[in-house]
2 protein chains.
Amino acid sequence: MKQKKAIVNKLRSSGLRPTKQRVLIAQNLFERDKTFHFTVETLNKEINKKGSEKVSLATVYNTVEAFTKAGHIKQILTSKSKSYFDTNIKSHHHFYDEDSKELTDINYNQVKLSKVPQPPKGKKIKNLEVVIRLQK
Amino acid sequence: MKQKKAIVNKLRSSGLRPTKQRVLIAQNLFERDKTFHFTVETLNKEINKKGSEKVSLATVYNTVEAFTKAGHIKQILTSKSKSYFDTNIKSHHHFYDEDSKELTDINYNQVKLSKVPQPPKGKKIKNLEVVIRLQK
DNA sequence: CTTCTAGTTTATAATAATTCTAAACTATAA
DNA sequence: TTATAGTTTAGAATTATTATAAACTAGAAG
Ligand SMILES: [Mn+2]
Ligand SMILES: [Mn+2]
Ligand SMILES: [Zn+2]
Ligand SMILES: [Zn+2]
């Protein structure tokens, strides 16, 4: 609501027209205090809550794809059956709670690696992510 | 072929009847030199290669599920669209080649962590896995 | 401001991976 | 040998996702 200008600029600067639907979704995603880990299904439910103007599921898919390509969100691998996305686009690690199936961010500097294998010849390390699985 | 007895015992000891199909699949999976990272699709192709007796796709799915439940293979997360499985059930790490989309094992002791965050209250660390993404 | 058009949204169809169903088959206990 | 619970199978159903194509709209150009 407040930073609508900023949202519109963010979209424009990545070549995305600030349509009603994209602005609505961007506000939901980026005007949060905490990192949001979500699937298209959960995002769609939030966006289409009672009272709000309806946005089609296809548009939610399209927008998530567009935001991912633009680097505003990133895809993460946690579930075998659904794609998950993350509003935290910095390199970081995760706790994955096996009971609740929920992800929590771990700051990059909260993990230190003192030994890492050499990448195979001709290949470079693009990034390194740690997933810590939790149980009760 | 050679260790058919061992395969049969492995199945029996986990409460699985050693049917023709399960033994065939188990031989393909467990009589290998190297770790095998696979999808149901690739496994099904191998199992149903020319000449061999046909096993239905449903059975390949059923068997992979049964072997996973029994702990003979484990599921891993690399692809957003397909389930991947691993014949290496020990805790270990992976290189993931973004170009070829191929996984390679990294021995557990090839990676050393000198700093790991505390798990949240009431939760224990079940395991910790590192994925190193590679690029050219 | 009006017009024009490429970009976007949308309902719906199509696809792909996986799971379900129920009938036929089989390993094995008795 | 028989009985039965477990297993296999073809095909249908389901679920997530992508494709299609017609209607709509942001915003550039006049
Ligand atoms: Mn979710
Ligand atoms: Mn594969
Ligand atoms: Zn995150
Ligand atoms: Zn592996």
Side-chain angles (χ1 to χ4, degrees), chain A residues 4-5 7-28 37-48 52-70 72-85 101, chain B residues 4-5 7-28 37-48 52-70 72-85 101:
Chain A
K4 175 157 177 192
K5 275 259 187 57
I7 291 280
V8 167
N9 287 340
K10 184 171 190 163
L11 296 179
R12 280 234 174 76
S13 73
S14 49
L16 297 169
R17 283 194 188 167
T19 63
K20 203 169 36 158
Q21 294 87 341
R22 281 174 179 166
V23 170
L24 188 69
I25 293 173
Q27 287 183 136
N28 189 302
H37 299 108
F38 65 97
T39 64
V40 168
E41 189 193 10
T42 53
L43 177 59
N44 185 53
K45 271 186 197 138
E46 285 223 16
I47 292 295
N48 287 297
S52 49
E53 288 197 55
K54 293 288 165 279
V55 176
S56 82
L57 179 60
T59 297
V60 179
Y61 270 103
N62 290 342
T63 303
V64 165
E65 191 192 11
F67 287 5
T68 304
K69 278 187 179 154
H72 300 315
I73 57 179
K74 70 176 182 188
Q75 190 164 9
I76 47 182
L77 296 167
T78 4
S79 158
K80 54 176 169 168
S81 52
K82 280 183 191 177
S83 287
Y84 273 76
F85 299 87
K101 267 95 181 104
Chain B
K4 173 154 177 193
K5 275 260 187 57
I7 290 280
V8 168
N9 287 341
K10 185 172 190 163
L11 295 179
R12 281 233 173 77
S13 72
S14 48
L16 298 169
R17 282 192 190 170
T19 64
K20 202 170 34 156
Q21 294 88 340
R22 281 174 179 166
V23 169
L24 187 69
I25 293 172
Q27 288 183 135
N28 188 301
H37 298 110
F38 64 97
T39 64
V40 168
E41 189 192 11
T42 53
L43 178 60
N44 185 55
K45 271 186 198 135
E46 286 224 16
I47 292 295
N48 286 298
S52 49
E53 289 198 54
K54 293 286 165 281
V55 176
S56 81
L57 179 60
T59 297
V60 179
Y61 270 103
N62 289 342
T63 304
V64 166
E65 192 192 10
F67 286 5
T68 303
K69 279 187 178 153
H72 300 315
I73 58 180
K74 70 175 180 187
Q75 192 163 8
I76 46 182
L77 295 167
T78 5
S79 158
K80 55 176 168 171
S81 53
K82 279 183 191 176
S83 288
Y84 273 75
F85 299 87
K101 268 96 180 102

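Naming convention: chains lettered A, B, ... in sequence-line order (proteins, then strands); numbering from 1 in each chain.
Checked against dT8(D), dT9(C), dT28(C), the side chain of Thr19(A) finds its nearest nucleotide in dT9(C). The Arg17(A) side chain lies nearest to dA26(D) when the options are dA26(D), dT28(C), dA17(C). Between dT9(C), dT9(D), dT17(D), one nucleotide has an atom nearer to the side chain of Val55(B) than all others, and that is dT9(D). With distances taken from any side-chain atom of Pro18(A) to the nucleotides dT10(C), dG27(D), dT9(D), the minimum falls on dG27(D). Of the candidate nucleotides dT28(C), dA16(D), dA11(C), dA11(C) has the atom nearest to the side chain of Ser56(A). Checked against dA17(C), dT18(C), dG11(D), the side chain of Ala58(B) finds its nearest nucleotide in dG11(D).
One interatomic measurement links the two molecules: NZ of Lys20(A) to P of dG27(D), which rounds to 14 Å at whole-angstrom precision. When rounded to the nearest whole Å, the span between CZ of Phe38(A) and P of dT17(D) equals 12 Å. In this structure, Lys82(B) atom NZ and dT15(C) atom C1' are separated by 13 Å, rounded to whole Å. Leu16(A) places its CG atom 15 Å from the C1' atom of dG27(D), with the value rounded to the nearest Å. Taking atom CG of Leu57(A) as the reference point, atom P of dT10(C) lies 11 Å away to the nearest angstrom. Rounded to a whole Å, the CG atom of Leu11(B) is 15 Å from the C1' atom of dT28(C). Taking atom OH on Tyr61(B) and atom C1' on dA10(D), their separation rounds to 15 Å, with Å as the unit. Remark: P of dA17(C) and OH of Tyr84(B) are 10 Å apart, rounded to the nearest angstrom.
Considering every non-hydrogen atom in both Asn48(B) and Lys54(B), the closest pair reads OD1-CA, 3.3 Å. Counting all heavy atoms, side chain and backbone alike, Asn28(B) lies closest to Glu46(B) at ND2-OE1, 3.3 Å. Of all the heavy atoms in Glu53(A) and Leu24(A), the pair that sits closest is O-CD2, 4.4 Å.
Applying the 4.0 Å criterion to OP1 and OP2 of dG6(D), one finds that Arg22(B) has every side-chain N and O outside that range. Within the 4.0 Å cut-off from OP1 or OP2 of dT15(D), not a single side-chain nitrogen or oxygen of Ser81(A) is found.
At a threshold of 4.5 Å between non-hydrogen side-chain atoms, the residues Thr39(B) and Thr42(B) count as touching. Looking only at side-chain heavy atoms (C-beta outward), Phe38(B) and Val64(B) come within less than 4.5 Å of each other.
With the nearest nucleotide of DNA chain D identified for both Asn62(A) and Thr63(B), Thr63(B) has the one nearer the 5' end. Each of Gln75(B) and Gln21(B) lies near DNA chain C, and the nucleotide nearest Gln75(B) is the one positioned closer to the 5' end.
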